Structure formats: structure tokens, C-alpha cells
Asks: 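Here you go, one structure.
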Amino acid sequence: MNRLTAVGATGLALLGIAACGGGQEAGKATGGKVEITVSGMPPSTQAASQKDFLADVAAFEKANPAIDVKPTETQYEAKTFAARLAAGQLETVFRIPLTDPPALIKRRQVADLTADLKAVQHSADFDPRLMAPSSADGKVYGLPTEAYAVGLIYNRELFTKAGLDPAKPPATWDEVRAAAKKISDKTGIAGFGMHATNNTGGWMLTTMTYSFGGQMERAEGDRVVAAFDDAPTRGALDLLKAMRWEDKSMGTQHLRNLDDLMRDFAAGKVGMVMGAPNLFSGYKLKFGGDAEKYGQAVLPMTADGGALMGGTVAVVSPKATAEQRLAAVKWIDYYYLRPKYDPQLAAARAQKRKADNLVAGLPTIPFYSAAVSGPVIEAERANSNLPLENFAPFVDNVGAQKFVVEPPVAAQELYAALDTVVQAVLTREDADPAGELKKAADKVVPILERSQR
């Protein structure tokens with residue numbers, strides 16, 4: 001859902017504003033240079049960020065004198081992306097959510113970059129979990145630029161008050177339930193909070209379903225069908241119902257979206273919520289949360305469960321020439337990937353963020369093997385302004401987790417339908433989780449069919 005990143009919920013809420021001339025490949029620039037257009041330049045209203053971006057463009061062109069980069073302010077917007085794609089108006093390089101590559105690969109709407117990986121430093125060292133969504137049949141069609149995995153966020157102070165060890169957060173959903181009840185019983189504060197509105201209820205129910213080993217959609221031949229009306233999703237709902245009505249450990253506020261829940265969490269009104277480490281920036285800077293009280297763990301899951309992974313992928317227009325494709329991959333490597341394998345650059349960026357009183361050194365999913373990512377992580381830690389020990393339960397365990405991407409077809413419509421299920425379970429004691437799921441499936445099935453015509 002891309003609501004977890006700093007620019008959007010559910011991971012990346014990108015705005016579609018074109019500038020500097022969009023459109024497709026101009027081919028050879030003046031003087032025989034290879035010209036490429038690249039999306040993602042910050043708008044002029046963010047003057048400092050735009051200045052930094054253009055400085056990176058200039059530095060890249062100096063290092064690659066045969067390439068001319070034409071940036072645009074265009075960002076991904078779900079409502080306009082398909083039309084722009086069909087009209088051939090996308091840039092040479094554009095970013096898309098991690099959910100989108102499979103469908104675009106199938107329709108041949110993104111370029112095969114396999115032969116161009118020679119221009120990508122450490123291409124053999126990528127974490128295969130991050131490459132899987134944009135790969136097919138042994139070929140690579142996109143490169144990850146941002147990635148997050150949903151985990152469990154908890155209030156360390158409330159853990160201590162409830163007699164729980166903040167250094168040992170819950171590792172199973174049964175332990176989450178027990179901890180939530182202890183927090184509620186000992187402090188009178190809701191032990192666990194669940195998203196429920198603006199598609200976030202369905203998004204987090206999807207997260208729980210994955211952790212229980214289930215799916216929301218599955219492939220049947222060439223089609224994608226609904227798969228959530230089964231045991232894992234019912235198990236997640238049964239847990240929520242038990243915590244809400246039997247344990248009474250979820251408080252009385254149950255119609256909240258991401259910001260609502262994070263605001264309450266930052267104010268110490270909720271003991272635990274689901275979320276990725278990148279929510280810390282909003283927790284501290286937007287809602288004034290105390291950094292020392294913030295704890296981050298991986299998501300509890302069953303043996304066959306996985307953590308929901310979101311993020312973005314940089315892809316290249318299928319209309320790009322071979323020269324443009326290679327130039328595009330070089331740009332992706334230089335601008336998006338270099339900070340993830342270059343310790344000096346990582347340190348410099350962390351120092352700048354620290355100087356600007358922003359969050360610096362925030363733990364993320366490493367893009368590469370330990371040999372490559374290790375020095376970068378150390379450089380960021382050395383320049384961090386965070387209580388990094390509070391993130392250790394996440395950092396120490398995320399490497400062993402299975403990742404599952406968000407539903408590939410009509411995810412937002414699916415989430416909207418599942419919002420009502422979560423709301424029913426949290427607000428009506430007599431709600432039947434199985435019956436509510438059946439109602440949601442009846443809504444989602446025709447939506448999936450229409451989306452694949």
C-alpha cells in the first residue's frame with residue numbers, strides 16, 4: 001500500500017506533477033550525446049532538495065560526459081500512471097511501487113535490463129529478496145531503490161511499567177496478545193492498536209495474513225484471483241477479536257488511519273502497533289514522540305509466514321534504445337544505489353541529515369550482502385542521532401525473514417473492502433470474521449476480474 005515511507009502510507013504516496021518536458025526518448029542529444037529523461041526531481045517548492053538533485057545530475061554528467069540527463073518533476077501517481085504509460089509519456093527512467101513490475105513485465109511495458117547490469121556496481125551482491133519482484137524467467141527488469149519490511153513497533157516505557165522486558169519484544173502473536181493484556185491491565189492503556197480506515201485496515205490485515213502464512217491473491221493460470229477467504233486471514237481476525245472483546249486490551253478507539261494511530265502511539269496512548277522503522281521519522285518529527293521510548297522489532301510470524309515488503313523500483317522505458325538503456329542503468333546506479341554501497345557517501349548524507357536536525361542513520365533493509373552493506377551500515381551508525389539499541393530486535397532478525405510483496409492486482413480496492421471487515425470485528429462484538437470475509441470476497445472478485453480485462 002506504500003503508506004509506510006516518509007512520503008506516503010502505506011510506502012510511497014507519490015504526486016504526479018510533470019515538469020521540464022515529459023515524453024519519451026529524444027534519442028541523441030546535441031553533440032552526439034545520449035539523452036535520457038529521468039523522473040523524480042523535487043519540485044521547485046522544495047528549493048533546497050531540487051538544488052541537491054540538480055547537483056547530482058551535474059556530477060553524474062561530469063562523470064559520464066557522453067550522457068545528457070533531462071530531469072522532470074514527475075512522480076508516480078496511480079490514477080494517471082496507466083494513461084501516461086499507454087500514451088508513451090513516461091520518462092526513460094521512472095520509479096514504480098514494488099507491486100507493479102510483474103504486470104508490466106508480462107505486458108512488455110518495461111525494458112529488459114539483464115545485459116546492462118554490467119554497469120551496476122555490486123549487481124551480483126543484491127539481496128535476492130529485493131530483486132525477486134522485478135525479475136522473471138531469469139531476467140531483470142528493474143532495480144530496487146527503496147525497501148521496507150513491516151515489523152512491530154512498541155513503547156519501551158509501557159513495557160517496563162507492565163513488567164515486560166523492552167529488550168525482548170514479542171516473537172509470536174500469542175506473545176503479542178499476552179503483552180497487550182499485561183500493558184492494558186497494568187497501565188490502563190491500550191496494549192495494541194490496529195489500523196482500520198482509509199484502506200489501512202485492509203493493508204494491515206494483509207500484513208497479518210502474510211505473517212500467518214496466507215495470501216491475499218494467488219495466480220491461477222494467467223489470472224490473479226482472491227485468496228484471503230481462508231484460514232490465515234480468519235486466524236488474524238480471530239486474534240483481533242479476542243484481543244478486543246475477550247482481553248479488552250485494545251482500548252476504545254478503533255476507527256483510525258496511519259497518522260491517527262501514530263499520533264496516539266507517540267503520545268503514549270498505545271503500547272504496540274505494526275509498522276516499519278521508517279515510521280520513526282514521523283513519530284519523532286511530526287508527532288513529537290520520545291526517541292528513548294521507541295522500540296522496533298520484526299513482525300511475529302508462523303513458520304511459513306512472511307513480512308510484508310514494500311518500496312519502489314526503478315525501471316526503464318521499453319522504447320529506450322540500447323544506448324539509452326545503458327545510460328539509464330548508470331543513472332539508477334549512481335543516484336539511487338550508490339548511497340547503499342558507498343560508505344563515504346552514506347556517512348556524508350547522514351552527517352548532513354544530522355546537521356539539519358533530521359533523523360540520521362535509520363536502520364533499513366540492507367540491499368546487499370553483508371560484505372557490501374556492512375561498511376555502509378557502520379558508517380551510518382557512526383553518524384546517527386538515534387538510540388540504535390532500540391532497533392536491535394529488528395536489525396538482528398530481519399535478515400532471516402521471508403518477504404512478501406503487496407497484492408499485485410487492485411490492491412487499494414482490496415484494502416478498501418477489507419477495511420470494513422476490520423471495522424466490524426473491532427466495533428461489533430457479535431461480528432463473525434468468516435461471514436465478514438465472505439462479504440469482502442463478494443466485493444473483491446468482480447473488481448479483480450475487471451482489473452484484468
Side-chain angles (χ1 to χ4, degrees), residues 14 18-42 49-76 81 84-85 87-96 100-101 104-105 108-126 130-131 133-136 139-146 311-342 345 367-368 372:
L14 297 171
C20 299
Q24 277 295 341
E25 327 312 326
K28 292 285 185 179
T30 304
K33 293 184 179 181
V34 176
E35 181 181 285
I36 59 172
T37 52
V38 301
S39 67
M41 179 173 68
S49 296
Q50 187 181 88
K51 181 180 178 181
D52 289 343
F53 184 94
L54 292 174
D56 279 322
V57 169
F60 174 78
E61 290 179 332
K62 183 177 181 179
N64 298 272
I67 301 174
D68 188 17
V69 175
K70 301 294 184 184
T72 80
E73 292 179 11
T74 306
Q75 305 281 1
Y76 179 87
F81 177 75
R84 294 186 67 237
L85 179 64
Q89 296 175 342
L90 295 178
E91 292 76 10
T92 317
V93 179
F94 51 98
R95 284 204 302 166
I96 57 176
D100 288 16
L104 298 181
I105 293 169
R108 299 182 181 178
Q109 291 176 311
V110 289
D112 177 359
L113 306 180
T114 310
D116 304 293
L117 292 181
K118 59 182 181 292
V120 178
Q121 293 194 50
H122 303 294
S123 60
D125 299 308
F126 274 115
L130 274 64
M131 295 297 290
S134 54
S135 301
K139 297 180 179 180
V140 175
Y141 295 85
L143 294 167
T145 57
E146 301 294 339
T312 55
V313 178
V315 293
V316 176
S317 167
K319 295 185 178 181
T321 65
E323 292 81 5
Q324 288 173 322
R325 196 177 62 236
L326 181 59
V329 166
K330 289 181 177 181
W331 166 254
I332 294 169
D333 183 53
Y334 181 89
Y335 184 70
Y336 293 110
L337 298 177
R338 191 167 54 104
K340 297 172 176 59
Y341 62 70
D342 183 335
L345 180 58
F367 271 42
Y368 302 97
V372 177

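These numbers come from a predicted model, not from an experiment.
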Asks: Kindly give the heavy-atom pair with the smallest separation between A111 and S317, and that separation in Å.
Replies: CB-O, 3.6 Å
Asks: If we only count heavy atoms from C-beta on, is the L117 to L143 side-chain gap below 4.5 Å?
Replies: yes
Asks: Can you give me the closest heavy-atom contact between Y76 and R95, atom names plus distance?
Replies: CB-O, 3.6 Å
Asks: Could you check whether any side-chain N or O of Q50 sits under 3.5 Å from a backbone N or O of P42, counting only pairs where one atom can act as donor and the other as acceptor?
Replies: yes
Asks: Nearest 0.5 angstrom please: L337 CG to D342 CG, how far?
Replies: 12.0 Å
Asks: Can any side-chain N or O of T145 pair as donor or acceptor with the backbone N or O of T312 at less than 3.5 Å?
Replies: yes
Asks: Can you tell me how far the CD atom of Q324 sits from the CD1 atom of I67, to the nearest 0.5 Å?
Replies: 10.5 Å
Asks: Has R84 got its NZ or CZ under 6.0 Å from the middle of the six-membered ring of F81, at an angle within 45 degrees of the ring axis?
Replies: no
Asks: Rounded to the nearest 0.5 Å, how far does NZ of K340 lie from CG of L130?
Replies: 10.0 Å
Asks: Crowded around K62 NZ? As in, over 12 foreign heavy atoms under 6.0 Å?
Replies: no
Asks: Are the side chains of P71 and L54 in contact, using a 4.5 Å heavy-atom criterion?
Replies: yes
Asks: Could you walk me through whether V120 and I332 pass the side chain to side chain contact (heavy atoms under 4.5 Å, CB included) test, one step at a time?
Replies: CA-CA 8 Å; V120 178; I332 294 169; over 6 Å; no
Asks: Working to the nearest 0.5 Å, report the span between CG of N64 and CG of L326.
Replies: 9.0 Å
Asks: Compare every heavy atom of Y341 with every heavy atom of H122, then report the nearest pair and how far apart it is.
Replies: CD2-CG, 3.6 Å
Asks: Between F126 and F367, how do the two ring planes meet: parallel, tilted or perpendicular, split at 30° and 60°?
Replies: tilted
Asks: Distance from W331 atom CH2 to E61 atom CD, nearest 0.5 Å?
Replies: 8.5 Å
Asks: To the nearest 0.5 Å, how far apart are OH in Y335 and CZ in F60?
Replies: 13.0 Å
Asks: Shortest non-hydrogen contact from E91 to S39?
Replies: OE1-CB, 3.8 Å
Asks: Just to verify, which of I36, V38, T321, V69 counts as forming a side chain to side chain contact (heavy atoms under 4.5 Å, CB included) with T92?
Replies: I36
Asks: Heavy atoms only: give me the nearest D112-D116 pair and the separation to one decimal.
Replies: O-OD2, 4.0 Å
Asks: Between L104 and L85, is a side chain to side chain contact (heavy atoms under 4.5 Å, CB included) present by the stated rule, with each step listed?
Replies: CA-CA 10 Å; L104 298 181; L85 179 64; 3.7 Å; yes
Asks: Search all heavy atoms of V140 against all heavy atoms of M131 and return the closest pair with its distance.
Replies: CG1-CE, 3.8 Å
